[in-house]
Amino acid sequence: MTHHGAALRVLCKNDLPEQIAADPDGVAVPIRLRRMLDYALLLTREPGRIQLEHIDQLRAAGLADEEIHRIALVVAYFNFVNRVAQGLGIEPES
């Protein structure tokens, strides 16, 4: 979040990235974004717990399968890259 936070702040044009970083489980956001955050957090923290019901919750919030697929890819990519960097002791750039 720190490394990409500046770009995210420009895209959002508000302090939502900081709010999410500070309390991703409790930040007040619209239901669609809440479902996306919950899915990303679960996929990051406990990927083996993902069930069809989690996908159905995303669909019920208005996300198409293509969007859900994109979320899974982005979350998986960042988790992979972060773990590689941490595993090699790489410090984030300032």
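What you are looking at is a predicted structure, and each value in this text was computed from that prediction instead of being measured. All residue numbers in this chain count up from 1 along the given sequence.
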*What closest approach, in Å, do P24 and R45 show between heavy atoms, and which atom pair accounts for it?*
CG-NH2, 4.1 Å
*Out of curiosity, L16 CG to L33 CG, how far, rounded to the nearest 0.5 Å?*
6.0 Å
_If I take atom CG from residue L42 and atom CD1 from residue I50, how far apart are they, to the nearest 0.5 angstrom?_
4.0 Å
*asked:* Using side-chain heavy atoms (C-beta onward) and a distance below 4.5 Å, is R34 in contact with D38?
replied: yes
*Taking side chain as C-beta onward, heavy atoms only, is V27 less than 4.5 Å from L37?*
yes
*asked:* Count I, L, V, M, F, W, Y as connected when their side-chain heavy atoms are under 4.5 Å apart, and connections chain through other members. Are V74 and V81 then in the same cluster?
replied: yes
*Nearest-0.5 Å distance that lies between atom CD1 in I55 and atom OH in Y39*: 4.0 Å
_Restricting to non-hydrogen atoms, name the atom on R59 and the atom on I68 that form the minimum distance, rounded to 0.1 Å._
CG-CD1, 3.8 Å
*asked:* Once salt bridge (Lys or Arg N to Asp or Glu O under 4.0 Å) is applied, what residue pairs with a partner in residues 69-91 remain, sequence neighbours excluded?
replied: E66-R70
*State yes or no: do L73 and L41 share one hydrophobic cluster built from I, L, V, M, F, W and Y residues joined by side-chain heavy-atom distances below 4.5 Å, directly or via other members?*
no
*State whether a side-chain donor-acceptor pair under 3.5 Å links N82 with Q86.*
no
*Looking only at non-hydrogen atoms, find the nearest pair between R35 and A61 and report the distance.*
CG-CB, 3.8 Å
